[in-house]
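First the structure, in the form of structure tokens, and then the observations on it.
Predicted model, so just to flag it, every value in this text is computed and none were measured. Because only heavy atoms are used, hydrogens play no part in the values below, and waters and symmetry mates are left out as well, while side chains stay in.
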Amino acid sequence: MKKLLIYGDSISYGYLPNEKHQDLRLPLEERYYYSLEQAFPDYSLLVEAKVGRCIPELPFEWEDLKKACEGFGPEDRMILFLGINDYLSFGRPDGERVIKRLAEFFEDCPRYGIPFPKEHILYIAPPSLSFPGDRSYEAFSTLDGKWDASLKAFCKEKGILCFSPFALALPRFPDRVHLLPEGQIILGEVLLQFIKEKDFLA
């Protein structure tokens, strides 16, 4: 059976924000990749997601990815959905810094034994971000589309398939980052259509 690894952060985890900061998740059927499981039964899907995860850079981050890749081979596929935490955890908005980290990640994958060739990797770019009225994060708005355009241009230049949900109206929780069930489902439906059009899971 073919295998698909989804490697992501709290959106892929299906994190359910709550006042007590408990480890709560949306039900499986309300996470974006549920539609992929239903549409591609010939694929064994492994979701390795973690709250706060960034694009691998530090040794422990690479170890996490290497562990997730155990049992996968070059014929398998990976969906990488990271970048939001890299962007929001820096002291100021710097989308180019995230793109630089992404470039280094793809360059370093062979050195760390990550089995997927770049044509078997689908990168999901971050959705749009907006924090009106929040003094701490208001400057991190990406609604002008410049960062999204730069991410897509980078992926095109490097020959990496990129799906951008930037233009989608994705309902969010009050933190304006995590997706409500409706948002997850919309993301999954459009992602599924994109994957079919691009024959990524052929």
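Contact annotation: the side chain of R172 never approaches that of L180 to less than 4.5 Å [non-hydrogen atoms, C-beta and beyond]. Side-chain contact between I114 and F106 is absent, with no heavy-atom pair separated by less than 4.5 Å. You'll find the side chain of L80 stays beyond 4.5 Å of the side chain of I55, heavy atoms only. Within the 4.5 Å cutoff, no side-chain heavy atoms of L4 are placed close to those of S44. Contact annotation: the side chain of I84 approaches that of V177 to within less than 4.5 Å [non-hydrogen atoms, C-beta and beyond]. With contacts defined as side-chain heavy-atom distances shorter than 4.5 Å, the pair K156/C162 does not qualify. In this structure the side chain of I195 reaches within 4.5 angstrom of the side chain of L122, judged on heavy atoms. Side-chain contact between Y33 and L191 is absent, with no heavy-atom pair separated by less than 4.5 Å.
Here the OG-CG distance, from S10 to N85, works out to 5.5 Å after rounding to the nearest 0.5 Å. To the nearest 0.5 angstrom, L102 atom CG is 11.5 Å from E57 atom CD. Taking CZ of F105 as the start and SG of C54 as the end, the distance is 12.5 Å to the nearest 0.5 Å. In this structure, the separation between CG on L36 and CD1 on I79 is 5.5 Å, given to the nearest 0.5 Å. Taking CD1 of I121 as the start and CE of M78 as the end, the distance is 4.0 Å to the nearest 0.5 Å. For the atom pair L88 CG and S136 OG, the distance stands at 11.5 Å (nearest 0.5 Å).
Contact between K100 and E104 at its shortest, heavy atoms only, is NZ-OE2, 2.6 Å. Taking every heavy atom of both residues into account, P74 and H120 meet most closely at O-ND1, 2.7 Å. Here the closest heavy-atom approach between residue S150 and residue I99 is recorded as CB-CD1, 3.5 Å. Here the shortest heavy-atom pairing between L187 and L170 reads N-CD2, 4.0 Å. Of all non-hydrogen atoms in E119 and F200, the two that sit nearest each other are O-CE1, 4.2 Å. Minimum interatomic distance between A139 and P93 (heavy atoms only, all atoms of both residues): O-CG, 3.1 Å.
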Can W62 and C109 be said to form a side chain to side chain contact (heavy atoms under 4.5 Å, CB included), step by step?
CA-CA 9 Å; W62 281 107; C109 275; 4.2 Å; yes

F40 vs L192, side chain to side chain contact (heavy atoms under 4.5 Å, CB included): CA-CA, chis, key distance, verdict:
CA-CA 10 Å; F40 297 98; L192 174 60; 3.5 Å; yes

Please evaluate residues L46 and K3 with respect to the criterion side chain to side chain contact (heavy atoms under 4.5 Å, CB included), reporting the C-alpha separation (whole Å), side-chain torsions for both, the decisive distance (0.1 Å), and the verdict.
CA-CA 8 Å; L46 172 66; K3 288 178 282 189; over 6 Å; no

Let me see the working for I6 and Y32 under side chain to side chain contact (heavy atoms under 4.5 Å, CB included), right down to the final yes or no.
CA-CA 11 Å; I6 295 181; Y32 71 86; 3.3 Å; yes

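Under the 3.5 Å distance criterion, the side-chain polar atoms of T142 are matched with a main-chain donor or acceptor of L129. Checked by atom type and distance alone, the side chain of R31 never pairs as donor or acceptor with a backbone atom of S12 at under 3.5 Å. For D9 (side chain) and L82 (main-chain N/O), no donor-acceptor pair under 3.5 Å exists by modelled atom type. For the pair S130 (side chain) and S141 (backbone), a donor-acceptor distance under 3.5 Å is absent. A donor-acceptor pair under 3.5 Å links the side-chain atoms of N18 to the main chain of H21, judged by distance alone. Not a single donor-acceptor pair under 3.5 Å links the side chain of E189 to the backbone N or O of I186. Side-chain atoms of K158 never come within 3.5 Å of backbone atoms of A153 as a donor-acceptor pair (strictly under, hydrogens ignored). No donor-acceptor pair closer than 3.5 Å links the side chain of E30 to the backbone N or O of P181. Side-chain atoms of W147 come within 3.5 Å of backbone N or O of G95 as a donor-acceptor pair. Looking at Y7, its side chain does come within 3.5 Å of a backbone N or O of L65 through a donor-acceptor pair.
Y13 carries R25 over the face of its six-membered ring, with the cationic atom under 6.0 Å from the centre and within 45° of the normal.
The residues E63 and K67 are annotated as not salt-bridged, no charged nitrogen and carboxylate oxygen being separated by less than 4.0 angstrom. Taking 4.0 Å as the cut-off between side-chain N and carboxylate O, D108 and R111 count as a salt-bridged pair. Taking a cutoff of 4.0 Å between a charged side-chain nitrogen and a carboxylate oxygen, R53 and E48 qualify as a salt bridge.
Residues L168 and L26 are members of separate hydrophobic clusters, defined by side-chain heavy-atom contacts under 4.5 angstrom among Ile, Leu, Val, Met, Phe, Trp and Tyr. Linking Ile, Leu, Val, Met, Phe, Trp and Tyr residues whenever their side-chain heavy atoms come within less than 4.5 Å leaves F173 and F81 in two separate clusters. Hydrophobic clustering (ILVMFWY, side-chain heavy atoms < 4.5 Å, transitive): F194 and I185 are in distinct clusters. L5 and I160 fall within the same hydrophobic cluster, where Ile, Leu, Val, Met, Phe, Trp and Tyr residues are linked whenever their side-chain heavy atoms come under 4.5 Å apart, directly or through other members. Cluster membership check: Y43 shares its hydrophobic cluster with L28, using side-chain heavy-atom separations under 4.5 Å among Ile, Leu, Val, Met, Phe, Trp and Tyr.
Residues F116 and F72 place their aromatic rings such that the two centres sit under 6.0 Å apart. Aromatic ring centres of Y15 and H178 lie closer together than 6.0 Å. Taking the six-membered ring wherever Trp is involved, the centroid distance between the rings of F140 and Y87 falls below 6.0 Å.
Between Y137 and F131, the angle of the ring planes lies from 30° to 60°, which puts this pair in the tilted group.
Residues near F166 contribute nothing to a hydrophobic cluster around it, because no ILVMFWY side-chain heavy atom sits closer than 4.5 Å to its side chain.
Pairs passing the salt bridge (charged side-chain N to carboxylate O under 4.0 Å, His left out) check and including a residue from residues 70-83, sequence neighbours excluded, do not occur.
There is a side-chain donor-acceptor pair under 3.5 Å between E197 and Q193.
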